[in-house]
Amino acid sequence: MAHDSQEKQKYATAAADLLCSQFGPGSPNGFVSVPGRINLIGEHIDYHGLPVLPMALQRRVNIAFRARSDGQVRAISGCYGERQFSLCPDPQPGPPGDWSNYLKAAMQAVATRWKLTIGLDAAIVSDLPPAAGLSSSSALLVAFTLALLETNGFRPTVAELMDILPDGEQFVGTRGGGMDHAAVLACQSGCALRIQFDPLDLSAIPIPSGWSFLVAHSLTTAEKSGAVNAEYNARRTAGISGLQKLGLSSYREAIDRRSLGELTAFAGRLPDLESRSFLHVVTEAFRVQECLRALRREDIRDFGRLLTASHASLRDQLLVSHPSLDELVQSALDAGALGARLTGAGFGGCAIILSHMEDRDRLRGELANRYYARRSGFDPERHLFFAAPSAGALRA
Ligand code: GLA
């Protein structure tokens, strides 16, 4: 934990320095630090209202900020340059994929509930790889939301934030669920977070100290804009239309009332795309339940088996994997990992790889040889790191 606070201090200083160098001298009024996340299990099911199990990372989006009295917002990112716009409840989006859209999404989401009158200068420093399935964009959205609210004197609860944030991402074109926002706000150190929706229910699930999750980038990025957004939204639409064609009212009710065998048989009545989506959603929901039981028993082998099964379903049923992710997962398994799968929306980005703590360095070394040695652009520090179960932005 001492290491965590040292890291935070390092980024607070870097963000404060960037604020001064870009916008002139003076101390920041505030600092927010929002982690990325991996999702352990429960992929592409949060938007159907089903429980998921993410875990916050030690890598974070950090913002130092200070108030402005002229209603302007200026923001500088260490990587993407400066943007400026006026405080307003209904902003015009910038070009698709532009990072300022996440700031505007935050402003619009906040304005649905709180009245913003004070603008800000903000400096953003992050060590979270972008477009990697680690929720860097949601972390930015959440961090800027918190900065705007704090500047204007509001201290929202997690529940209040969860009422506005998931829909807020529609501004950037994603019709996502609430997993990322809940995880980056409310995870507890040393734990994963079981998230149930409608009503929101969050419970911290300790990760056994002997388990290690390695985060490995496939080196294929998955920009959460344009084509990936359209593919992502199409999975949601197919899942909903499959449910409707079967005359079922919700996935939750279906899973509570029917066996996996019955639901698998139902999938056979649907056209191809809906059938695959339905099958992924119901099997993944059962895998979440099994993973929770495996965690309680500290059964790492069963947990790993379920991770790998999840990857197969994302690859073969939902079709959201990528050949490089499949190769990465296979390399990890060949190197002796107990389970591996893509994490986040897919289409590129990262895989998570499970092993016993004592095997993790060997596994990391083997992966560097088996997967990365043949590829260019590999940066070991950025693309291959161990996940430390960390605290969300509103938790210690
Ligand atoms: C993205 C979305 C989440 C979730 C995952 C897939 O990260 O933001 O809401 O749907 O994809 O599980």
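Counting convention: from 1, in listed order, for ligands and their atoms alike. We count residues from 1, following the sequence as given.
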Test of proximity, [X] against ligand 1: N or O pairs below 3.5 Å:
{"X": "His44", "value": "yes"}
{"X": "Ile45", "value": "no"}
{"X": "Glu43", "value": "yes"}

Within the 4.0 Å heavy-atom shell around [X], which atoms of ligand 1 are there?
{"X": "Met179", "value": "4 (C), 5 (C), 12 (O)"}
{"X": "Gly177", "value": "9 (O)"}
{"X": "Tyr47", "value": "10 (O)"}

Next on the checklist: Taking 4.0 Å as the limit for heavy-atom contacts, which would you say applies to Arg37 with ligand 1: side chain only, backbone only, both, or neither?
Outcome noted: side chain
Next on the checklist: As a check for students: among Leu342, Ile41, Asp46, identify the option with a heavy atom nearest to atom 4 (C) of ligand 1.
Outcome noted: Asp46
Next on the checklist: Test: salt bridge (Lys or Arg N to Asp or Glu O under 4.0 Å). Region: residues 337-358. Which pairs qualify, not counting sequence neighbours?
Outcome noted: Glu43-Arg341
Checklist outcome for this item: Residues pairing under salt bridge (Lys or Arg N to Asp or Glu O under 4.0 Å) where one sits in residues 75-88, two or more places apart or in two chains, turn out to be Arg83-Asp98
Item to check | Axial cation check for Phe386 ring with Arg360, 6.0 Å and 45° limits | outcome: yes
Checklist entry - With a cut-off of under 6.0 Å to the ring centre and 45° to the axis, is Arg59 in cation-pi contact with Phe385? => result yes
Checklist entry - Is it the case that Arg287 and Ser313 place a side-chain donor and acceptor less than 3.5 Å from each other? => result yes
Checklist entry - Can any side-chain N or O of Asn62 pair as donor or acceptor with the backbone N or O of Val125 at less than 3.5 Å? => result yes
